[in-house]
Amino acid sequence: MSDVVERTLSVLPGLLGQHDPGAGLGSGGPGRASATSRLGSLIRSITALTSKHEEEKLIQQELTSLKAAVSAPTTTLRLMKECMVRLIYCEMLGYESSFGYIHAIKLAQQGNLLEKRVGYLAVSLFLHENHELLLLLVNTVVKDLQSTNLVEVCMALTIVSQIFPREMIPAVLPLIEDKLQHSKEIIRRKAVQALYKFYLIAPNQVQHIHDKFRKALCDRDAGVMAASLHIYLQMIKESSSGYKDLTGSFVAILKQVVGGKLPIDFNYHSVPAPWLQIQLLRILRLLGKDDPRTSELMYEVLDESLRRAEINHNITYAILSECVQTIYTIYPNSELLEKAAKCIGKFVLSPKINLKYLGLKALTYVIHQDPNLALQHQMTIIECLDHPDPIVKRETLELLYRITNGQNVIVIVQKMLDYLKESKEEYAIINLVGKIAELAEKYAPNNEWFIQTMNAVFSVGGDLVHTDIPNNFLRLLAEGFDDGKEDDKLRVYAVKSYLALLEEDDALYPQKFLQVMSWVLGEYSSLVTDVDPEVILTKLHSLLRKTFVTSETKVWIMATVTKIASRTSCSKAVDEIIQEFSNSLDTCMRQYAFELKNLCKDKELMKNLLPFDASCSDMVVDASLSFLDGFVAEGLGRGAAPYKPHHQRQEEKLSQEKALNFEPYRLSFASSVSSSGITGRQSPTGLSVGSDTSVNSAETGHKETSTLKLEGVRKLWGKEGYLPKKESKEGKEKEPQTASCSTLSTGQVGDPPALRFDQVASISEEDKEKQQLASTLFIGLGSNAGVSLMGKAETATQKFKRRSKINEIQHSEEVSDFRNSAAADFGPLLDTRPINMEDSEGSLHTRLRKASLSSSDIVEDNLAFEMPQSLRKSGLEERLSENRLSQSSLFADSNIEIFQPSPSAQCESASKTPLIPSLPEELEELTHSEIVQLCQSDALALYLCKVWTDDSLLLTVFVSNKTTAVLNAVNLVFEEAEHFQILESPSYQFPAIEAESVERCQKYVWMDKICTQGVLSGSVNYQLEMETRLDFSVTLSLMDFIRPMQMTTEDFGKLWLSLSNDVKQNIKMSSSQDTLSAALNTLQQKLKLHIVDVIGNEGILACQLLPSVPCLLHCRTHSRMLALWFRSPCSALPDSLLYQCQKVMEES
Amino acid sequence: MINAILVFNNHGKPRLVRFYQHLAEEAQQQIIRDTFHLVLKRDEHICNFLECGSLLGGSDYKLIYRHYATLYFVFCVDSSESELGILDLIQVFVETLDKCFENVCELDLIFHMDKVHHILQEMVIGGMVLETNMNEIVAQVEAQSKLEKAEGGLSAAPSRAVSAVKNINLPEIPRNINIGDINIKVPNLSQFM
């Protein structure tokens, strides 16, 4: 404690002594005077202490006396209140005082206003949501809520919005709802806050009062309205689609706030209600995201906010920063973007460090939209790199990480490594190391740099690095790229650099680094011809002796020794190692030494077992061990017992333990032992030795699989899995190679900053350095970097110019290719109804069909892709003419109704939405939703159809190419969603989408975390003149994942008893379905519940949440009420289903 | 939301601790200690934001702090709060304390822990900012102290005792958090004016 305070405290007791009598008289109780001085003396004695130990002793003493005081029946409530304050003090210092909890509740229950207040405070500080004592508080809260005293009501509302047991919400909910109409503003405000709390802990219980939230939003008092924004922010965060209609209201509110229409009370430093503005801007941001129509509504008010926030005060900057973020999040408006960019400039250039930090953050946020903005501020960014504040530095690196490309990767990674060397924070290290590894892998300009960077990563990151990093690195080395020579160069370089590193005798390397080194040496050291393997072996041997090497690493090294030994004829070092570890205390090492020893006896076998560079080729293993059949037969012939698997033996052993064994012991394996000399190992049964050997022989080639935990490599051995990975790496690696050649030329000639600063006459040395750094850092940012630096305005609008250009092209295409697009319209149409004509048309049309249709197989797509374009077009036209001829027969089919406009109307619609996808037959039979359009751009349109299969939700996404060119490499990626899980991979790549055709991709989705409604978003990337990204989102509801569950009444009964989570609720039945059967039918039809049985006025239903979470429902009718009783192993499911039931029953 | 509000002095002694999510006693103390060490390391003239990494479970959390003479006010918030907004919220909190205690100092926080908690409760409930209007908060608190007097001057004694300490004109009495004159006495604030 500070000296000053200490000195003050030392005079305190005297003062307290002097003044206490007077105070005592006033309050009229001797008890209270003593209590006060007790708190004083406690604090004083604590400050006098010098060690933590003494403090502990003192507090324990204090707690003991407090314990006695609170439990004594003579203690008055007033004294109890003092005790509570002391308890709070002790708890704050970290000493548990659970004995007082119950007394805190009692105090809240029994005390007068003041004591009650302290009681409630203590409860809110001591207890947590799930504390069992909290239930005892419910009655008090209910009583206080009904009190006529406003202060009591206030206190009750305060405690409810802090902690309240979830299951008791129904007890107070009606009372709190009433308070929303209270005449006092403060009560309404706190009631809204309490409802917000309920919404957080049990959203389904307040579903029905959403109307009241709206009322609160329109409350005449701004405070109540502000409180309701918390709820809306939360709800909109979860699903923005349901609240789009409120955008106008939020905009209107913000307009009024910004315009200063609120009472002057709300001003803070003459800024009108800044926190309210911030909250509103955040809400608008969520609403306007990816939604041009909603965004349009807010442009004006955002502009005004930017304009008004001009007073130079901290809080206006807070508003500005929110404003900027909102502008960049919602659907872009060029004018606003320009202003926002200027604003970011203000932040970045500010001398105030807080603002600079936020400016950097904002830059990081917008950099993918507007890379040129970073160019404008490059000098500031460089200054921030050397900023004394590590937080600012880290943020700068984060920004650089986002703008890294093949040309500036070297400088940026160097900066990151510099930071790493200074940093000591574990969290920062892990984070940064991952980023460096990622960048190195993506943009490495050459082998040397890549290996050296990875070396730095491993040695600086130490054992903190995520296991993925070494695994990915090794995988990269092992799989290589297309060019075999280049691969070998990389490997040779790696080997050489590791050998050099191991040269230093007393260097301490992290374990993970050593493991990487040893694996690489083992696999590829033979590529290096000028180094004697004996030298490597000696080095490894010395490593094995080091104490800092863990036993796990030693096993890696041992495996390396084995691999190298297989390629040398005879080696002294190997012999030494064998000798040394044959009697090692570490059994694992000992086993390896023995294995090595035996393998060394047969070099040929060893070579076959450990083939060179085969870590990613599949090994053929005869898992049935058929080659041992003869051996087994022989053994059986000699009277050996048949082999029993381990678990069977175990079972038998267990069963034998229970009862006496009356059977005589059998002679089983005596004779077969002699034949098991193959490995020289003794084994309990001859037969199992046989199988052991074979397993061993299969494994020695890759011993690591069982013991070494070589995760990265082990995965390669599976038949699937590594191929796609390889592909993506090839793509990545091609990039840096081309990029690296251009580094030099662009760096000197075409670099804009250099040009600009050349004009400045006098440049200090330091500045020169910075410029150089800038030119290396910001190279390759934005295609027209030179222009952007000179004219700032250009940058923000650029995007739009391009957009309109595409529009024009599209337009002209629409006119000229009119006939063509009309033809394309027939594609899918024909495909849905394969007609008899098709057979005669031959293979050309089958191919055509596949190209234009959402057909099934990628392999077949490739066929279509190879087809020359002219051929395809003529085919299409041919098809079209044939089509016209056969139209009557075609349209006679009833299924085709949707596509049946008159020929002229057809042409018209074709020019607007040329391609309408449809489901293939096999899916058409399943229940499915209508095909809806998700989003579209000039080039393509996305459609979605939900297919509810029995075991999952099948999302079928159609991508239709509206252009007349083939779209290559269209990539569809679903973002990871909190609530949903996409089986298999979340992305899908269409190799090519033919002009004016539709492709289809299917994803199976499960619900991971239960929610009533969630959004799965994703994007489509495609390359057309420039890389374009199209975002979309799909709203999935719980009902998409609910399936009926078939079961018998008995099964239901059994399951019912075994489930623990239950929820009960009575709901009113409307007149249209007042019988049980009507209600059950509604549930069956609308919610896909399966009716198991109906007995009298009771019914039981069952359903399951995919993949297999059951939920049981028991319904009973009595006097126009339907009593629902849910049970499920998952606690959230009944709640959500109940909500759905309520909704369905209300609707019908 | 705000996850925790911590006030401790230059020596790391906690003066006000309020967590809005449940944590074990041990974890709470650990967080107080770690936060103190993180904040103590920082100079006066670098930014008031800190990423605390794994301290409170995830990179999403930030520490926003202000240093007033002998006391550090630290708010731990998640990404849904505006940094600068919270920074000024701290200012509002301290100014409110100053109004309620008339020249607040560290001693007030020690001896009137309950009152400080009540003031805080008017501003932040369950981790959400409820009220930022200083006059409103002071009015609420004042209404409650009137209540105190009506109930027979219950806690008049300690407050009188402390105000006696304050007024006795001892030279060593710290008038630490003197916000009456913001521009001069509160060092951090000058950055933003």
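Quick note on labels: first sequence line is chain A, next is B, and so on, each numbered from 1.
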field: side-chain contact (heavy atoms from CB on, under 4.5 Å) between B/His22 and A/His131, intermediate numbers included
entry: CA-CA 10 Å; B/His22 175 65; A/His131 202 286; over 6 Å; no
Only pairs of heavy atoms separated by less than 4.5 Å count here; which of [options] has the most with chain B?
options                               : result
A/Glu91, A/Lys197, A/Lys356, A/Arg282 : A/Arg282
A/Ile430, A/Leu93, A/Leu125, A/Val192 : A/Leu125
A/Ile163, A/Ile391, A/Leu276          : A/Ile391

So, are [X] and [Y] salt-bridged, with charged N and O less than 4.0 Å apart?
X        : Y        : answer
B/Lys13  : A/Glu55  : yes
B/Glu136 : A/Arg189 : yes
B/Arg42  : A/Asp389 : yes

Value rounded to 0.5 Å, distance of [atom1] in [X] from [atom2] in [Y]:
X        : Y        : atom1 : atom2 : value
B/Asn135 : A/Asp265 : CG    : CG    : 5.5 Å
B/Met134 : A/Tyr268 : CE    : OH    : 6.0 Å
A/Trp275 : B/Leu130 : CH2   : CG    : 13.5 Å
A/Arg117 : B/His117 : CZ    : NE2   : 12.5 Å
B/Arg15  : A/Met92  : CZ    : CE    : 6.0 Å
B/Met128 : A/Gln193 : CE    : CD    : 7.0 Å

So which part of [X] gets closer than 4.5 Å to some heavy atom of chain B, the side chain, the backbone, both or neither?
X        : value
A/Gln277 : neither
A/Ser321 : neither
A/Lys237 : side chain
A/Tyr196 : side chain
A/Val151 : side chain
A/Gln325 : neither

Min side-chain heavy-atom separation [X]-[Y] under 4.5 Å:
X        : Y        : result
A/Ile315 : B/Leu84  : no
B/Gln21  : A/His128 : no
A/Leu358 : B/Phe49  : yes
A/Met84  : B/Asp114 : no
B/Leu87  : A/Asn314 : yes

Taking all heavy atoms of [X] and all of [Y], pick out the closest pair and write down the distance.
X        : Y        : value
A/Glu322 : B/Ser82  : OE2-CB, 3.3 Å
A/Ile186 : B/Gln140 : CD1-NE2, 3.6 Å
A/Leu121 : B/Arg18  : CD1-NH1, 4.3 Å

message: With a 4.5 angstrom heavy-atom cut-off, is it the side chain or the backbone of B/Gln28 that approaches chain A, or both, or neither?
response: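 Neither part, no heavy atoms under 4.5 Å.
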field: Contact leader toward chain A among B/Glu26, B/Gln29, B/Met1, where contacts are heavy-atom pairs under 4.5 Å
entry: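 Of the candidates given, the most pairs with chain A belong to B/Gln29.
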- request: Dump the intermediate steps for salt bridge (Lys or Arg N to Asp or Glu O under 4.0 Å) on A/Lys190 and B/Glu131, then the final yes or no.
  value: CA-CA 10 Å; A/Lys190 292 204 165 169; B/Glu131 179 62 74; over 6 Å; no
